[in-house]
Amino acid sequence: MKNISLDITKAEQFLSAGAVKAYESKVKAAQESLENGTCPGNDFLGWLHLPSSITSEFLDEVQQTADVLRQNCEVVVVAGIGGSYLGARAVIEALSNAFAWLVGDKKNPAILYAGNNIGEDYLSELTEYLKDKKFGVINISKSGTTTETALTFRLLKKQCEAQRGKEEAKKVIVAVTDAKKGAARAAADKEGYKTFVIPDNVGGRFSVLTPVGLLPIACAGFDIKALVNGAADMEKACGKNVPFEENIAAQYAAVRNGLYNEGGKKIEIMVNFQPKLHYFSEWWKQLFGESEGKDNKGIFPASCDFTTDLHSMGQWIQQGERSIYETVISIEEPNRQLLFPNDEENLDGLNFLAGKRVDEVNKMAELGTRLAHVDGGVPNIRVSIPKLNEYYIGQLIYFFELGCGISGNILGVNAFNQPGVEAYKKNMFALLDKPGYEADSKAIKERLAKEK
């Protein structure tokens, strides 16, 4: 079976000869520090060999729990924020029928997402929609006190119990949380919910191959064993003893650091020509943004959906400030086939496309865009995927996780913490007069009064 592949030739040409190769020793040292556990954040390296360590028995347990939800729910709500939902959503939306919510998939429950915002209208509309539905909840939170998710779970728990009864609700509420501590663990033990553990050594943005991602993906009807197998094969293909010329994660880390340090490129745009990959880009943005954005360093991760965004962002990418490069995810073979029809009147002048697959038109748009952007001074990295399925999505996930870990070590930051995320929470709690934040509340309110 083929693996995903990497083409960096259209990025290397923007660097001096041998610049990428010159990173080989740095990449090797960075990967060895991951393997040896000597890098900053070494208590969060559980993702590194996670794919190869997952057992069939464990996946069977996840699948059995998913089957209970699938058999008893029309809707499953995934309550989580950041890494607690983005990985699952990335995989589910990449593999689902784009119009599943309209056509009414009778075989699989609808998967909805909440706990990722504090929008009153959103939550009100969600609870209204669920009023006549048999729904279950997967509550994903290590602490159980993350404001967005805790608020949402409180609403959904009470509604589920009111509609289905407390005993029935127990069967369709699952907690993915800490093994021993935290509010979510305490609530799950008290109520008797089925639980899965978020490993202590796996951070949220690296957690898609734990029950955080696997359970919702299985609920949606997708093959989690194939997903894990793909990741495990990529783990092997990018192992520490694999030569640099064959290790695509190492090459990716090298070229992006070369573009950042020598090429002056500060923004990486994740591009896809397959709309199903929109949320994969969202997952990728968190992975790299939260991992590298520290100590006033780091490449800014952005994303565009092509060809859609070529009609909005295309002008800036083609001729704006040359601080960007693109990483394009290209799908070699779509899962469906649709031919462009002939039209006798040909008023739109498109009969030259008659009989061609729509994907051929899309591929030429992809190639034409790459050529235009490279000519316009935008380095281009291309990640090619044979087919959009569980196995190759698993490969893609691990490829980017390892590339991120190596890149963070080369950059010299702790790629596995996120201290900056706490700043807004401190201010929010103070403004809401949360107990314990009295001093902060006074200081912030005095500051705001002065600014008026």
Side-chain angles (χ1 to χ4, degrees), residues 50-51 53-80 83-97 100-101 104-116 130 133-142 149 152-153 156-157 160 164 167-179 184-185 187-188 191-199 202 204 207-232 279 283 389-391 393-394 397:
L50 178 63
S53 69
I54 298 174
T55 65
S56 294
E57 291 75 18
F58 177 73
L59 291 175
D60 287 341
E61 182 186 359
V62 173
Q63 188 63 59
Q64 288 164 10
T65 302
D67 289 343
V68 171
L69 291 168
R70 286 168 56 78
Q71 291 160 12
N72 292 280
C73 299
E74 301 168 82
V75 178
V76 174
V77 183
V78 178
S84 293
Y85 93 103
L86 275 174
R89 188 165 193 176
V91 175
I92 291 169
E93 302 226 355
L95 300 175
S96 294
N97 184 317
W101 59 285
D105 187 346
K106 301 299 181 184
K107 295 189 297 183
N108 302 300
I111 309 296
L112 302 181
Y113 306 90
N116 51 59
L130 294 172
K133 303 291 188 301
K134 291 182 178 180
F135 75 92
V137 184
I138 303 174
N139 186 41
I140 305 173
S141 176
K142 197 163 183 65
T149 305
T152 296
F153 181 64
L156 294 178
K157 173 182 179 291
C160 188
R164 306 191 71 159
E167 288 303 311
E168 185 68 20
K170 287 182 184 180
K171 298 178 184 178
V172 294
I173 296 177
V174 180
V176 184
T177 186
D178 190 87
R185 166 53 63 184
E191 300 292 347
Y193 300 146
K194 171 67 179 177
T195 64
F196 288 97
V197 172
I198 303 173
V202 179
S207 68
V208 62
L209 298 176
T210 74
V212 168
L214 295 176
L215 181 59
I217 292 165
C219 284
F222 298 113
D223 187 345
I224 55 175
K225 289 188 176 181
L227 183 80
V228 170
N229 286 340
Y279 271 94
W283 170 81
N389 60 26
E390 292 95 332
Y391 179 78
I393 288 289
I397 286 168

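In this chain, residues are counted from 1 in sequence order.
- Side chains of N72 and R164 form a contact here, defined as non-hydrogen atoms less than 4.5 Å apart.
- Summarising the geometry of F135 relative to C73, their closest heavy-atom pair is C-SG, 3.9 Å, with the distance given to 0.1 Å.
- Considering every non-hydrogen atom in both A114 and V77, the closest pair reads CB-CG1, 3.9 Å.
- We find the OG1-CG distance between T55 and L59 to be 6.5 Å, quoted to the nearest 0.5 Å.
- Summarising the geometry, atom OG belonging to S96 is positioned 8.0 Å from atom CG belonging to N108; distances are rounded to the nearest 0.5 Å.
- Looking at heavy atoms from C-beta onward, E74 lies out of side-chain contact with P109 at the 4.5 angstrom threshold.
- When all heavy atoms of G83 and V212 are compared, the closest pair comes out as O-CG1, 3.5 Å.
- P216 and P211 get closest at one heavy-atom pair: CD-O, 3.6 Å.
- Counting heavy atoms of neighbouring residues, nucleotides and ligands inside a 6.0 Å radius, atom NZ of K134 does not exceed 12 of them.
- Side-chain atoms of L86 and V208, non-hydrogen and from C-beta on, never get closer than 4.5 Å to each other.
- Put simply, OH on Y279 and OH on Y113 are 9.0 Å apart, with the number rounded to the nearest 0.5 Å.
- Within the 3.5 Å criterion, the main-chain N or O of T210 finds no donor-acceptor partner in the side chain of S207.
- Rounding to the nearest 0.5 angstrom, the gap separating the OG1 atom in T152 from the NZ atom in K157 is 14.5 Å.
- Between C219 and L69, the shortest heavy-atom distance links the atoms SG-CD1, 3.5 Å.
- Within 6.0 Å of NZ in K171 there are 12 or fewer heavy atoms belonging to other residues, nucleotides or ligands.
- With contacts defined as side-chain heavy-atom distances shorter than 4.5 Å, the pair V68/V172 does not qualify.
- In this structure, I173 CD1 and N139 CG are separated by 8.5 Å, a value rounded to the nearest 0.5 Å.
- A heavy-atom distance below 4.5 Å is found between the side chains of D60 and K225.
- A heavy-atom distance below 4.5 Å is found between the side chains of L227 and L214.
- No side-chain heavy atom of F153 sits less than 4.5 Å from a side-chain heavy atom of S141.
- The minimum heavy-atom distance between R70 and A218, with the atom names listed, is CD-O, 3.6 Å.
- Rounded to the nearest 0.5 angstrom, F58 CZ and I224 CD1 are separated by 8.0 Å.
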The test is side-chain contact (heavy atoms from CB on, under 4.5 Å); show your working for V176 and I198 and say whether it passes. CA-CA 6 Å; V176 184; I198 303 173; 3.7 Å; yes

Please test V75 against I111 for side-chain contact (heavy atoms from CB on, under 4.5 Å), starting from the C-alpha separation and ending with a verdict. CA-CA 6 Å; V75 178; I111 309 296; over 6 Å; no

Let me see the working for I397 and V91 under side-chain contact (heavy atoms from CB on, under 4.5 Å), right down to the final yes or no. CA-CA 9 Å; I397 286 168; V91 175; 3.9 Å; yes

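- No donor-acceptor pair closer than 3.5 Å links the side chain of T177 to the backbone N or O of A184.
- Taking T65 as the reference, V174, K194, F196, L215 meet the side chain to side chain contact (heavy atoms under 4.5 Å, CB included) condition, with sequence neighbours excluded.
- For the residue pair D67 and Q63, a side-chain donor N or O sits within less than 3.5 Å of a side-chain acceptor on the partner.
- Between R185 and T195 the shortest side-chain heavy-atom distance falls below 4.5 Å.
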